[in-house]
2 protein chains.
Amino acid sequence: MGNENFVFERYLISKGLKLTKPRKIILNTVFATHEHFNVDGLYDKIRKKHKDVSRATIYRTIPLLVESSLIKQSLRCLAKDHYEHTYGHSRHLHLICEKCGKIIEVESKEAESILNKLAKKHDFKIREFNIGAKGICNKCQKK
Amino acid sequence: MGNENFVFERYLISKGLKLTKPRKIILNTVFATHEHFNVDGLYDKIRKKHKDVSRATIYRTIPLLVESSLIKQSLRCLAKDHYEHTYGHSRHLHLICEKCGKIIEVESKEAESILNKLAKKHDFKIREFNIGAKGICNKCQKK
DNA sequence: ACTATTTTGAGACTCATTCTCAATTTTATC
DNA sequence: GATAAAATTGAGAATGAGTCTCAAAATAGT
Ligand SMILES: [Mn+2]
Ligand SMILES: [Mn+2]
Ligand SMILES: [Zn+2]
Ligand SMILES: [Zn+2]
């Protein structure tokens, strides 16, 4: 268990918001594993233990987690919005298989530094990288 | 005017499909300019001249244009699906301003070759690159 | 012209996300 | 620890981009 609670609470206080029970439950469930997630999956997981947390609150809490830099949107090319931890994870890019859905995570220092360079040239301030590709994984190629 | 018509017709024939009037109108409107587009904008533009092309047909034709490699989906991080020409355009990445919506296009040989290298290492066959960033453009930074 | 096949427009439908609002919870004040 | 003001919540309605359905229209082969 990291200190996401600390980070989140500090953020909430700075905005005059409160670390309520539902927000705590959502935060803890989000950080119970390190996988990519979407709202539906998160909702099911939360509901197994806490029958009283609503979809609406999940949808309302996620932007707060994003704003506090604990998570970020990722896998932008899928149908539903997906998210992943920012806190405690190094930068990486995704190779997504269009056949089986497999997601390969790859370290991306080089790619990002190039993007940084290009952004600098255009005096553009990057807030969120979006680097990756869709295609066919090795297993699916052999079919 | 390029020969997108040729490319499209060849693709359609290869699939046993026909280059009908609505499909021609859609193709020509898509290639009348070189900008990114989404279905709503395209629909409005088409409707100014042709009151008889439906949204449904536009939604049905776009995958055909994608399949024939004339266009591809892009700007994956926006709310609506956006597309841009593949035919007649070199590869590039996008820096998208979250304040004003400005889109900066940047040549990306380096970034892509790095992604290609990483994909090769994982024996992953890339079909579509997705490289870019969101942030704040230089004008919007000065506010 | 006749028929089989494809395509189309209109609008119904889906489903992820956002919004609304009354009820509940939280914090501040006494 | 009651009381009141403010923030948050759950339930479900609303939204809206994209998909699907189906009867009518266009097309191609005979
Ligand atoms: Mn993690
Ligand atoms: Mn073009
Ligand atoms: Zn695969
Ligand atoms: Zn801007």
Side-chain angles (χ1 to χ4, degrees), chain A residues 5 8-30 36-68 71-83 101, chain B residues 8-9 11-30 36-68 71-83 101:
Chain A
N5 289 271
F8 194 37
E9 186 160 23
R10 242 205 351 242
Y11 167 77
L12 291 173
I13 289 172
S14 82
K15 295 286 180 185
L17 305 174
K18 295 151 198 173
L19 183 49
T20 60
K21 221 179 299 175
R23 284 175 181 157
K24 241 181 254 179
I25 291 169
I26 293 165
L27 173 69
N28 289 332
T29 311
V30 163
H36 303 108
F37 66 94
N38 60 37
V39 169
D40 273 5
L42 182 57
Y43 178 75
D44 290 347
K45 208 164 157 192
I46 287 174
R47 274 308 183 104
K48 282 181 186 156
K49 299 219 169 183
H50 305 92
K51 297 285 182 213
D52 50 349
V53 176
S54 73
R55 264 205 182 73
T57 299
I58 296 177
Y59 273 110
R60 280 187 287 237
T61 302
I62 283 178
L64 302 177
L65 294 173
V66 172
E67 261 298 299
S68 56
I71 67 175
K72 65 169 207 164
Q73 220 179 324
S74 77
L75 312 179
R76 291 260 188 194
C77 55
L78 300 184
K80 299 181 191 179
D81 290 355
H82 281 70
Y83 302 87
Chain B
F8 194 37
E9 186 159 25
Y11 167 78
L12 292 173
I13 288 172
S14 82
K15 295 287 178 184
L17 305 175
K18 295 152 197 172
L19 182 49
T20 60
K21 221 179 301 176
R23 283 175 182 157
K24 242 181 257 179
I25 292 169
I26 293 165
L27 173 68
N28 289 332
T29 310
V30 163
H36 304 106
F37 65 95
N38 60 36
V39 169
D40 273 4
L42 183 56
Y43 179 76
D44 290 346
K45 207 164 156 191
I46 288 173
R47 274 308 184 104
K48 282 182 187 156
K49 300 218 168 183
H50 304 93
K51 297 286 181 212
D52 50 349
V53 176
S54 72
R55 265 205 181 72
T57 300
I58 296 177
Y59 273 112
R60 279 187 289 237
T61 302
I62 282 177
L64 302 177
L65 294 172
V66 172
E67 260 299 300
S68 56
I71 67 174
K72 64 169 207 165
Q73 221 179 322
S74 77
L75 312 180
R76 291 262 189 192
C77 55
L78 299 184
K80 299 182 189 179
D81 289 356
H82 280 70
Y83 302 88

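Just so we're on the same page: letters track the sequence lines, and every chain starts at 1.
Atom P of nucleotide C/dG11 and atom OH of B/Y43 are separated by 10 Å, given to the nearest angstrom. Straight-line distance from the CZ atom of A/R76 to the P atom of C/dA16: 18 Å, rounded to whole Å. Distance, A/L17 CG to C/dT27 P: 12 Å, rounded to whole Å. Rounded to whole Å, the distance from CD1 on A/I58 to C1' on C/dA16 is 13 Å. In this entry the distance linking NZ of A/K51 with C1' of D/dA11 reads 16 Å, nearest Å. Separating the CD1 atom of A/I26 from the C1' atom of D/dT8 is a distance of 11 Å, rounded to the nearest angstrom. For the pair A/R23 CZ and D/dT9 C1', the interatomic distance rounds to 9 Å; values are reported in whole Å. If you take CD1 of A/I62 and P of C/dA16, they are 14 Å apart, rounded to a whole angstrom.
Remark: the A/Y59 side chain and the A/R55 side chain contain no N/O donor-acceptor pair separated by less than 3.5 Å.
The shortest side-chain heavy-atom distance between B/V39 and B/D81 does not fall under the 4.5 Å cut-off.
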Practice task
Classify every nucleotide of nucleotides 15-30 of chain D by which part a protein heavy atom approaches to under 4.0 Å, writing B for the base, S for the sugar-phosphate alone and - for neither, in 5'-to-3' order.
Solution key: --SBBBB------S--

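Checked against ring-ring contact (aromatic ring centres under 6.0 Å, His included), B/Y83 has the following partners two or more places apart in sequence or in another chain: B/F37.
Under a 3.5 Å cut-off, the side chain of A/T61 and the backbone N or O of A/T57 do form a donor-acceptor pair. The main-chain N or O of A/I25 is found under 3.5 Å from a side-chain atom of A/T29 such that the two form a donor-acceptor pair.
Of all the heavy atoms in B/S68 and B/L65, the pair that sits closest is OG-O, 3.1 Å.
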